[in-house]
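Residue numbering restarts at 1 for every chain, and letters A, B, ... go by the order of the sequence lines.
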Number of protein chains: 2
Amino acid sequence: MAKVYSEKRSRLVSAAVDLAYQNGFGATSLAEIAREAEVPLGNVFYYFKTKDEIGEAIVERRLEQLSAQRQRWAEAGSPKNRLCACVQGVFANKDYLAQSGCAVGTFCSELHKAGGSVAARATEIFAEHLAWIESQFWALGKGSDSRGLAVHLLSALQGVSVLAHAFHDPALVVTETDRLKSWIQSL
Amino acid sequence: MAKVYSEKRSRLVSAAVDLAYQNGFGATSLAEIAREAEVPLGNVFYYFKTKDEIGEAIVERRLEQLSAQRQRWAEAGSPKNRLCACVQGVFANKDYLAQSGCAVGTFCSELHKAGGSVAARATEIFAEHLAWIESQFWALGKGSDSRGLAVHLLSALQGVSVLAHAFHDPALVVTETDRLKSWIQSL
DNA sequence: GTCTATACCGAGATAGAC
DNA sequence: GTCTATCTCGGTATAGAC
């Protein structure tokens, strides 16, 4: 499925993913990406015609990562446990969240303000994630409430990421994910 | 309390607030702000030594706005009604949220990635807001749980703003604020 | 395919006339 | 205090040698 790209291109994408996450996509220059990936600046344009194309590559990479995570969560026995595994994934990420926020949420927010075609593509990451969460609630027998419950859960996770980022405090993630896990078990 | 500034300075701040909200602070140029405020570009530097100072002015403006809102919410009779008034404020804002996300959340996220001294100041907006929400839960008799409940409520509001922004869908705000108002009344 | 050199533009910021 | 003209730097992107 995932296309095979050259080693250098892969390094460039990895560098772009990291730098855009830490400093923002707009604030990250091609020169920085090239340096981090140990590729000469001019060479970048052999792999990507524009900076926007790098943005798209970042989205693809994130989609792959999330897809892999969902496969792991799916291994949990019950829908409740799968949802808890998802919440646990956020918990495990708490230190990064406190430092740079949610990789998907902050990226989406930035791109949608900047405008351009990558924004819509970035939203697909959320769409896939939301659909997966909804399907778990559905399996739990929540029927037509499933969508609203999925929005509620993903909202809580996104929101606490925003707060943890603003306060640089992983403890907020700890208490909120605890609360959410209890809530899931109580359903 | 609030210092009195010149008419032109005020126009510049208003323009900066709007443009930074719509397009992001980093992506907004001083030339755009000057044009929107109908002030010559060179003149901007009479009022602000650097672009960072404009960022600080944006924060001050937001702090004033939120403070005014809280005074209105405080007029509601009970703590529960005050919290609902706060949630209702988000609801009333749903179309802007769907277009550009939460003004405070997106601004904070961006500034914390960019680094610099304004970021910490921007976090104070959240800190004040969170403290106010916590005080309402305290008045409700929630004691030491108040902090966690405040984080939970503000997280939900921030999170749904992120999702509504990503999907450009105000309906998400409608369903989630409904859910939160019911939750508050059930406490 | 890979890399160097550089074009070109728009950004923030400054100088100084009025 | 106000505005025009301009400087400088760093950004994306390109041209073309190897």
Interatomic distance, [X] [atom1] vs [N] [atom2] [rounded to whole Å]:
X	N	atom1	atom2	answer
A:Glu53	D:dT14	CD	P	11 Å
B:Leu30	C:dT14	CG	P	11 Å
B:Ile54	C:dG12	CD1	C1'	10 Å
B:Arg9	D:dG1	CZ	C1'	15 Å
B:Asn43	C:dT14	CG	P	15 Å
A:Leu41	D:dA15	CG	P	15 Å
B:Phe25	C:dA11	CZ	P	14 Å
B:Asp52	C:dA11	CG	P	17 Å

Exercise for the section: Remember a base hit wins even if backbone is also touched, and classify B:Phe48 as base, sugar-phosphate or nothing at under 4.0 Å, heavy atoms. Expected result: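 The answer is nothing, as B:Phe48 stays clear of every strand by at least 4.0 Å.
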Practice task
Mind checking A:Ser6 for me? I need base, sugar-phosphate or nothing, with any heavy atom below 4.0 Å counting as a touch.
Solution key: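 Nothing, no nucleic acid heavy atom in range.
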From the list [options], which nucleotide is the closest neighbour of the side chain of [X]?
X	options	result
B:Pro40	D:dT12, D:dC3, C:dT2	D:dC3
A:Lys8	D:dA13, D:dT2, C:dT2	C:dT2
A:Tyr46	C:dG1, D:dA13, C:dG12	C:dG1

Problem - Identified side-chain contact (heavy atoms from CB on, under 4.5 Å) partner of B:Gln136 from the options B:Leu153, B:Ile184, B:Leu149, B:Leu83 - result: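 Single side-chain contact (heavy atoms from CB on, under 4.5 Å) partner of B:Gln136 among B:Leu153, B:Ile184, B:Leu149, B:Leu83: B:Leu83.
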Handout entry: Under-4.0 Å side-chain N/O to phosphate OP1/OP2 contact, B:Tyr47 with D:dG1
Key =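 Checking D:dG1 against B:Tyr47, no side-chain N or O comes under 4.0 Å of OP1 or OP2.
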Problem - Aromatic A:Phe25 / basic A:Lys51 pairing, under 6.0 angstrom, 45° off normal - result: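 Satisfied, under 6.0 Å and within 45°.
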Practice task
Taking atom types as modelled, find out whether B:Thr106 and A:Lys113 have a side-chain donor-acceptor pair closer than 3.5 angstrom.
Solution key: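 There is such a pair between these side chains.
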Exercise for the section: Return yes if a side-chain donor-acceptor contact under 3.5 Å exists between B:Arg147 and A:Thr175, otherwise no. Expected result: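 The criterion, which ignores hydrogens and geometry beyond distance, is not satisfied for A:Thr175 and B:Arg147.
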Practice task
Could you tell me whether B:Trp183 and A:His152 have their ring centroids closer than 6.0 angstrom?
Solution key: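 Here the rings of A:His152 and B:Trp183 have centres that are no less than 6.0 Å from each other.
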